[in-house]
Amino acid sequence: NYADTSAHAGVANSAASLKGISAKHGPLVHGAITPRFVPTCSLDLLRGLGRLAAEMPEAVVQSHVSESKDEVEFTKFAQGDKDARDV
């Protein structure tokens with residue numbers, strides 16, 4: 001299992017990965033910022049990845065928010081009753 005030790009480490013590792021992809025493949029290939037399942041990500045991580053996306057607009061952002069009603073409710077519970085699209 002892979003897990004970053006902190007939100008800061010997760011953002012730093014993501015930035016390094018994106019920069020490595022860009023350096024290796026040039027302007028035609030871009031990496032993705034991918035918090036895989038929003039309810040399992042801390043707000044610090046999500047905010048940090050949002051800042052990273054603003055700093056690196058060539059990177060796409062893709063995530064799995066929730067698919068079932070139970071997952072939607074869990075997302076609201078885990079993220080303070082926010083709409084999953086706003087997290």
Heavy-atom pair with the smallest gap, counting every atom of [X] and [Y]:
X: L18; Y: A32; answer: CD2-N, 3.7 Å
X: G10; Y: D4; answer: CA-OD2, 3.1 Å
X: L52; Y: S14; answer: CD2-CB, 3.8 Å
X: P57; Y: A54; answer: CD-O, 3.8 Å

Any residue meeting side-chain contact (heavy atoms from CB on, under 4.5 Å) with A53, in chain and number order, not counting sequence neighbours: I33, V61
Residues in side-chain hydrogen bond (donor to acceptor under 3.5 Å, both in side chains) contact with E55, at least two apart in sequence or another chain: none
Within 6.0 Å of NE2 in H8, more than 12 heavy atoms from elsewhere: no
Pairwise side-chain contact, M56 with K19, heavy-atom cut-off 4.5 Å (strictly under): yes
